[in-house]
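Notes follow once the structure below has been shown.
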Protein chains: 2
Amino acid sequence: MTNPDAASGADAAALLWGAPGAAVKRGPKPRFTLEAIVDAARQIADEDGLSQVTMQNVADRLGAAKMALYRYVPGRAELDAVMLDTAFGSPDELNAGDWRAALTAWSLALYDRALQHPWVVELAGRPHTPGPAEIGWYEAGLEALSSLPLAEADKLDALALLSGHALSMARRAADAENTEELLAVRLYPHLMANAHRFPRTAAAFAASSSGDRDHALRFGIDRIIDGLAAHA
Amino acid sequence: MTNPDAASGADAAALLWGAPGAAVKRGPKPRFTLEAIVDAARQIADEDGLSQVTMQNVADRLGAAKMALYRYVPGRAELDAVMLDTAFGSPDELNAGDWRAALTAWSLALYDRALQHPWVVELAGRPHTPGPAEIGWYEAGLEALSSLPLAEADKLDALALLSGHALSMARRAADAENTEELLAVRLYPHLMANAHRFPRTAAAFAASSSGDRDHALRFGIDRIIDGLAAHA
DNA sequence: GTTATTTGCGTCTCTTGGACACAATACACA
DNA sequence: TGTGTATTGTGTCCAAGAGACGCAAATAAC
């Protein structure tokens, strides 16, 4: 019945939104905290990539045994969920008066966050339960959009569009050298060899010399905002 | 040196773009083909989800031993790459005269493809070597954009924007019941309980009754296209 | 002090991807 | 026609990684 492709457990929401109030309990003092565990996981992800975030590695970093972690986190999926929401953080309180400027700032801020922790892109890309921090971003985005005469549903859609673009660009930028090599070595030769089948694509790739990552970011944001302006 | 987070092997490109010409060889006749293996994997993914695509399951479906597959596919990552490109297929040759109509049709066609095989969204979402089919979509998209006075690099960016949106919407639609439950049961109560912290978001979610998936799709496409029109 | 809990964690199991060796097969060449 | 050789199918083994289970130590409540 349960689809194993769906990420996060039912318990993720409890961890993300649950009350931190934990009364005095009976047994031994807990040696760790959820925060410490998530911090350790975040460090590993920042340093060695998300694939190195294993229960074992996290436990090692804390000087604990692997199974000790399960007293604080139900499972790997829930750890991912908390890592993601923690890394999102709260959006900066920057409100330029113009809605265009505000939305642009919002998108760029999200992009910066994602650049600081490249792995958030991967986590955010899979289905997950949003936590308070992620909702905080939506709240800020809706505030930036508040002056626009759009249906509420459309505002949410617009934010999803912008955030999707920002995160997508952040991924590209994050493994730039990797992507560079990927395209240059793996795609390019084959594409050029088949230039007769894909003349436009070959030309386009040849013209755009894997240049300005920033340009693509701004281009997308500007286009979406222009589209919103044209519609409202 | 090699980043294990990077998907696909170096061999993926060879499988995707390599010449199919295999001369007469010496040993026993091959019992299988790459195509048959990929087909089996595709079927499993369609029926039971991407997580059920394991070498073991694919082999079982073909009546082969697991290790036999490795004679045809270097590894799991390469299988993913070929599955992805195969599922993309070639875009339909539909050219409405208007560039707006053509681009819209292109986006909708991509959305439909993704709906037919929901797992392509997940595969396309991770870094991978593009194959001929994927490049074919770019070629068709560039053709639709050919009349617009945009830099080649910008055209590629525009297509990435549109395809990202289409695939993102396809994912939502694919596990609709799942997402429905995710939001309704897991997010909604907590969001409403914290409505004081997130008034706009709570209101927006309450207003948009998880309705029209198609609306969000069209909204995004229209906004992007409007933005392109405003810019060109 | 006794008892009910709760923590830390050692041990075991299951699932996946993959390396490696070996026997069977079928063409090349003499 | 026989021999060599490359290639295929596959059995066996191994390493990760997630997690179930149970037990001993710690500690608050009575």
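Keep in mind that what you see is a predicted model, and the values were worked out from it rather than measured. The figures here come from the full heavy-atom set of this structure, side chains too, leaving out hydrogens, waters and symmetry mates. Protein chains get the first letters and strands the later ones, always in sequence-line order, with residue 1 at the start of each.
Taking atom CE of residue A:M55 and atom P of nucleotide C:dG8, one finds them 15 Å apart after rounding to whole Å. In this entry the distance linking CZ of A:R31 with P of C:dG8 reads 7 Å, nearest Å. Atom CZ in A:F32 sits about 15 Å away from atom C1' in C:dT6, given to the nearest Å. Following rounding to the nearest Å, A:R26 (CZ) and C:dG8 (C1') show an atom-to-atom distance of 19 Å. Atom CD of B:Q56 and atom C1' of C:dG18 are 13 Å apart (whole Å). One atom, OH of A:Y70, and another, C1' of C:dG10, lie 15 Å apart when rounded to the nearest Å.
Put simply, the side chain of A:R71 and the base of C:dG8 share a donor and an acceptor less than 3.5 Å apart.
With rounding to the nearest 0.5 angstrom, the NE2 atom of A:H128 is 8.0 Å from the CG atom of A:D85. Atom CZ of B:R200 is separated from atom CZ of B:F205 by 15.0 Å, given to the nearest 0.5 angstrom. Note that OG1 of B:T129 is 9.0 Å distant from CD of B:E78, once rounded to the nearest 0.5 Å.
The existence of a salt bridge linking B:R61 and B:E47 is confirmed by a sub-4.0 Å separation between a basic side-chain nitrogen and an acidic carboxylate oxygen.
A donor atom on one side chain and an acceptor atom on the other are found under 3.5 Å apart for A:D60 and A:Q56. If you check the side chains of B:D46 and B:H117, you find a donor sitting under 3.5 Å from an acceptor.
Listed by residue number, the members of residues 60-67 of chain B with any heavy atom below 4.0 angstrom from DNA chain C are B:K66, B:M67.
The side chain of A:A68 lies closest to C:dC9 when the candidates are C:dT6, C:dC27, C:dC9.
Relative orientation of the A:F88 and A:W137 rings is tilted, given thresholds of 30° and 60° on the angle between their planes.
Close approach of DNA chain D to chain B, defined as any atom under 4.0 Å from a non-hydrogen atom of the protein, starts and stops at D:dG4 to D:dT12.
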Contacts table for residues 157-167 of chain B: side-chain donor-acceptor under 3.5 angstrom, sequence neighbours left out:
from   : atom 1 : to     : atom 2 : distance (Å)
B:S163 : OG     : B:L159 : O      : 3.1
B:S163 : OG     : B:A160 : O      : 3.2
B:H165 : NE2    : B:L217 : O      : 3.1

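A:W106 places no side-chain N or O within 3.5 Å of a backbone atom of A:P91 that could act as its donor or acceptor partner.
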